[in-house]
Structures are given as structure tokens and as C-alpha cells.
Amino acid sequence: FNPGFGQVEADPAEVNLSDFATRFNEQRPFFTEGGDLLTLRHPNVFYSRRIGAPPIGPASGDYVDYPSDSQILGAAKLTGRLPSGTSLGVLAALTGEEHARIVEEGVPGVEEVRVGPRVGYGILKVQQELGQSGSNASVLVGGVQRDLGDNDALPHLLSDHTLVFGSDALWRFRGGEYEWSATVVGSHVTGDPAAIQRIQESASHYLQRPDREGEYRLDPTRESLTGWSLTTGFNRRSGQHWLFGASAKIDHPMFEPQDLAQLNGADGIQPSWNVTYRETQPGSIFRSYSVRLNQGNEWNFNWDRQNGNIGAQVNLTWLNFWTTNFSFAHQLETQRSGLTRGGPLMGAPAGWNGQVSVGNSSSSQTRWSANARYSKDDLGGKSTNVGMSLSMRPGPRWELSVQPGYSGSHEAQQYISTRPDGREETYGSRYIFSYIERHQYSAEFRASFTVRPDLNLDIYAEPFAASGRYY
């Protein structure tokens, strides 16, 4: 029991059949407080749940007691702002070795197998405010060091050193009406060739794809990976009616921050734009409303389209402060690298989705909202999501809430396996897919009691049921 690093809320239950791990929210107060001073304006720099993550080393036997996470032996954090406008964020953490306990039938005693090494983590960020409009610039460096040894399989599974470094800047103009931001991040990972090959073949890279062209291909002799990523954006943030923005994100195929962050896919060029018209003055029907158009694309470094969509959103606030929101998006045909799990690119169909939500005033004593979403693609895949939320305050210190939900889907491209008896067009392999039908029901219940202004007692529960059928 270590209350300093305890998780105050359980992760929601789920069934994940994709090739990427789910990104759960950080629920440990030690890591959430001051978290903005431990990362940059980039989604793949620092993911604090890497600290204390479950080990991955192999362990087999008749009975195996495998650790669910890595114990944090100690951690220290310092965040704050100086009178000069300089802000500082420092984090250091150490997790211990983890062992699985194995019992074999007919063999006396318990065997312990090391499944996780001792790991050190470090982050340092310095941010400086510039001028009176909130402009600022930052530099960051972070690293991971593993004590792998050479007496088990861990050096062939895990990198031993990871370095992530970068800088970002935000410039605001005309009193904050316009802003431009930019972030540049680099990564360098070293380790045993087997561990580096495992990274190259992971879902974030798939460098082993047989149809991959150019220099970014699998090399089993590599002992390191070095890559970079950048983001930039220009936006109009304030104005009477018109707002707009354009942004771009580029991930080098060798960009690998996974030991300190989470990255679902390197090798991407992602430009996007949006424009919004809004009215903030109350009229005869609406207190305010806005209409937004947006469009986004993604290509890999060989200019194969990975993603493409165009969408519209309408947000309405009625005179009684109730809200209604509509959205619609059209998905373009693409070539996906993840569908074959490391095989050649595979076409993904065009499709569309629509969503609507309604809710009463956020200041009401009893608050409610409801939403529904439906999507469909050209291969017959479809999904439906319905949910609602109800929150009430029976007393000045009590708050009760419930959030039931349902999701159902029919997916047309669920990967099953790969076989070697394929045709020349698929590079000698055969990729087997199936339709899958899935249903999920859940309901989140919460009760909160305020003991005093700085102390709450919360009770949380989420019944969950899921089913699936291949056909």
C-alpha cells in the first residue's frame, strides 16, 4: 500500500481488439498536479502512466502469480513559477524489479522469475513568459534508464536508454486575438538489436511491411533509433463572428518516445484546417450559436493517404441555457498500415458519421444530458452509441450521478491471423479477416460527499457487460 502514488479511481472496463493500447487518463494525484509543467504542446512527449506500468517479461508454469504493475520505490516532483516569469518542472521516479512467482505441479517450492527491471525516469522543463499577452517559450529534456542485466530475456524485449528532448513556443498577437504555436521534439533509443527490432515491428512503426519503400525499412542489426516530430498551428482565437485555424503535425518514421510517452503511429504528415462562424449576442431564439467546418488529412512519408475527413458542427445555446449540438463527418477512402498487422497496406472504405446531443443548463440543481452517434461505411460496417447523464444535489454536501450507455458495432475488417500460403500480390502471405458484431452495456454510478472544503468522499462503481460474435 503506497498512498502517495495510489490511483483514486479505477479505469473503465473495456474490450480492446485494436493493435494499439488504450490511453487511460491519469488518476494518481501525484502526477496530475502541475502536469502542464512536465510536457510540451505536443501529444507524444510525456504520458505519466508509463511510470509504474505493468511488466512485460515472460513467465510460464502450471500456476503463475504475475504482478499487475511495477512498484514505484520513490518519486520527487518540483513545479512552480518564479517572479521573473520563469516556470520550472522537475520529476524523478524509480520503479523496482518485478518478479513472477511460479509453481509447477509435482515440484516443491516456488520459483521467482524476473519480469521487470529497475527503471529510472526523469523530466526537466523550463518555461519563460514573454511579454504581457501570455506568449512563452519552453525547453524540455526527459529520459528513461533501465537496469537490464544479461541473465534473462529482458534485454531482448526492452530498450536500455531512451532520451526525449524538445522545445515549444507560443506567440500571441493583437492582444491575444491571433496566436502561432510550434513544437519540435526529438527522440533517441538504444538497446540490444532484438529489442530495437521489436520496436521497429511494433504497431507504432510496422517497418517490416513488405510494400514499404525508401530508406525507412526494417533493419534487424540496428542498435538505436533516432527520429523527430513537429507541430505548428496558427489560429484566430477571438473576434465578433469569424474564427479560423490551420495546423500541421509531422512524425518521422523513426520517432520513438514510447518509453516516456504514448504514440499510436509514427510516419505521418497531418495537415488540417477549420473555420467557425459564431454569434454571441442573444437573439429571439438563441442565446448564442456557432457553425464550424473542418477538414483533416494524413499521409505517410511515401504519400499514401492514411486518413481523410471533412466535417461540420453546429452548437446551439437556447435562451433558457439548454444546449443542442449536431455534427456530421465524411471519411475518405484510405490505405491503412495497421489493418494487416505489419503486412502490406490495405484499403479502408469511405464512410460517414453523425452525432447529436442535448442537455439542460450546467447551473441547474439537477443536470441531465443525452447523446447519440451513428456511423456507416461502404463495406457494411456500422456502429451505434447512445448515452445519457443525470446528476443531482439532494443536499448542499451531496452529489449523485449516473451515466448509462450502450454501444454496438458491426465491423467489416477485423484482423484474425496471417498465413504463409498467400499469392504474389500479397507478398506470399494470406491475411484473414472477419466480420465482428459487438455490443457493450455500462452504467457509471457516483456519490460524492463534501466533508470540508479540502476533503471529499467519493464512491464510484461501473457495471459492465460486453459480447462479441465473429461471422
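- Between the side chains of Ser363 and Ser361, at least one donor-acceptor pair of N or O atoms lies under 3.5 Å.
- Residue Glu399 is tested with Met392, Arg446, Arg367 for a side chain to side chain contact (heavy atoms under 4.5 Å, CB included); the sole match is Arg367.
- Under the 30°/60° scheme for interplanar angles, the aromatic rings of Trp228 and His252 are found to be tilted.
- Residues Gly343 and Arg209 approach most closely at O-CG, 2.9 Å, considering heavy atoms.
- One finds no salt bridge joining Arg217 and Glu215 here, because no Lys/Arg side-chain nitrogen approaches an Asp/Glu carboxylate oxygen to under 4.0 Å.
- Between the side chains of Gln262 and Gln258, no donor-acceptor pair of N or O atoms lies under 3.5 Å.
- Contact of the Ile269 side chain with the Trp303 side chain is registered, since non-hydrogen atoms from C-beta on lie closer than 4.5 Å.
- Under the 6.0 Å distance and 45° angle rule, Arg23 counts as a cation-pi partner of Tyr47.
- Looking only at atom types and distance, the side chain of Ser272 has a donor-acceptor partner in the side chain of Ser247 under 3.5 Å away.
- Side-chain atoms of Thr162 and Asp259 form a donor-acceptor pair, as typed in the model, at a separation below 3.5 Å.
- Between Asp62 and Val103, the closest side-chain pair of non-hydrogen atoms is not below 4.5 Å.
- Here the shortest heavy-atom pairing between Asp458 and Ser448 reads OD1-OG, 2.8 Å.
- Under 4.0 Å is where a charged nitrogen must lie from a carboxylate oxygen, and between Glu98 and Arg114 no such pair does.
- Tyr471 and His410 have perpendicular rings, their planes meeting at more than 60° on a 0 to 90° scale where under 30° would count as parallel.
- A 6.0 Å sphere centred on CZ of Arg292 holds more than 12 heavy atoms belonging to other residues, nucleotides or ligands.
- In this structure, the side chains of Pro344 and Tyr431 come closer than 4.5 Å at one or more pairs of heavy atoms.
- Here the side chains of Leu345 and Leu339 are not in contact, with every heavy-atom distance at 4.5 Å or above.
- Under the 4.5 Å side-chain criterion, counting only non-hydrogen atoms from C-beta, Leu225 is in contact with Ile196.
- Between Tyr289 and Thr317, the closest side-chain pair of non-hydrogen atoms is not below 4.5 Å.
- Contact check for Trp318 versus Ile285: side-chain heavy atoms found under the 4.5 Å cut-off.
- Note on ring orientation: taking the six-membered ring where Trp is involved, the planes of Trp368 and Trp322 are perpendicular (angle over 60°, cut-offs 30° and 60°).
- Cation-pi geometry between Arg212 and Tyr206 is not satisfied (NZ or CZ under 6.0 Å from the ring centre, within 45° of the ring normal).
- The two atoms that bring Gly57 and Leu157 nearest to each other are CA-CD1, 4.2 Å, heavy atoms only.
- When only modelled atom types and interatomic distance are considered, Asp192 and Gln197 share no side-chain donor-acceptor pair under 3.5 Å.
- When atom types are taken as modelled, the side chain of His205 and the backbone of Leu207 share no donor-acceptor pair closer than 3.5 angstrom.
- A salt bridge does not link Arg28 to Glu33: none of the charged nitrogens lies less than 4.0 Å from a carboxylate oxygen.
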Q) Would Glu411 and Arg438 count as a salt bridge (charged side-chain N to carboxylate O under 4.0 Å, His left out) if you check the C-alpha gap in whole Å, the side-chain angles of each, and the deciding distance to 0.1 Å? A) CA-CA 8 Å; Glu411 300 173 24; Arg438 302 173 65 186; 3.8 Å; yes

Q.
I'd like to know whether Trp352 forms a ring pair (Phe, Tyr, Trp, His ring centres under 6.0 Å) with Tyr374, so could you lay out the CA-CA distance, the side-chain angles of the two residues, the decisive distance to 0.1 Å, and finally the verdict.
A. CA-CA 9 Å; Trp352 62 270; Tyr374 182 80; 5.7 Å; yes

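- Remark: Arg237 engages Glu179 in a salt bridge, criterion side-chain N to carboxylate O under 4.0 Å.
- A donor atom on one side chain and an acceptor atom on the other are not found under 3.5 Å apart for Asn353 and Lys382.
- Side chain to side chain, Thr190 and Glu223 fail the donor-acceptor criterion of an N or O pair below 3.5 Å.
- Of all heavy-atom pairs spanning Ser337 and Gln306, the tightest one is OG-OE1, 3.5 Å.
- Relative ring orientation between Trp398 and Phe449 is described as tilted, the plane-to-plane angle lying within the 30° to 60° band.
- Residues Phe445 and Pro463 meet the side-chain proximity criterion, which asks for heavy atoms closer than 4.5 Å.
- Inspection of the Thr334 and Arg336 side chains reveals an N or O donor paired with an N or O acceptor under 3.5 Å.
- Without hydrogens or angle criteria, Asp267 side chain to Phe301 main chain gives a donor-acceptor distance under 3.5 Å.
- For the pair Asp421 and Arg430, the salt-bridge criterion is met [side-chain N within less than 4.0 Å of a carboxylate O].
- Heavy-atom minimum distance, Ser70 versus Thr95: CB-CB, 4.3 Å.
- Using a 4.0 Å cut-off between charged nitrogen and carboxylate oxygen, Arg41 and Asp36 do not count as a salt-bridge pair.
- In terms of heavy-atom proximity, Ser159 sits nearest to Ile199 at CB-CD1, 4.4 Å.
- Side-chain contact, His188 with Thr226: a donor N or O sits under 3.5 Å from an acceptor N or O.
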Q: Go through the steps for Leu40 and Val185 under the test side-chain contact (heavy atoms from CB on, under 4.5 Å), then give the verdict.
A: CA-CA 9 Å; Leu40 299 173; Val185 181; 4.2 Å; yes

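- Listed for the Asn302 side chain is no donor-acceptor partner under 3.5 Å among the backbone atoms of Asp304.
- Side chains of Ser375 and Ser383: a donor on one and an acceptor on the other come within 3.5 Å.
- With hydrogens and angles disregarded, no donor-acceptor distance shorter than 3.5 Å links the side chain of Thr384 to the backbone of Ser407.
- Ring pair Tyr441/His439 is parallel by interplanar angle, where below 30° counts as parallel and above 60° as perpendicular.
- At a cut-off of 3.5 Å, with distance as the only test, a side-chain donor of Tyr63 or Glu105 sits close to an acceptor on the other residue.
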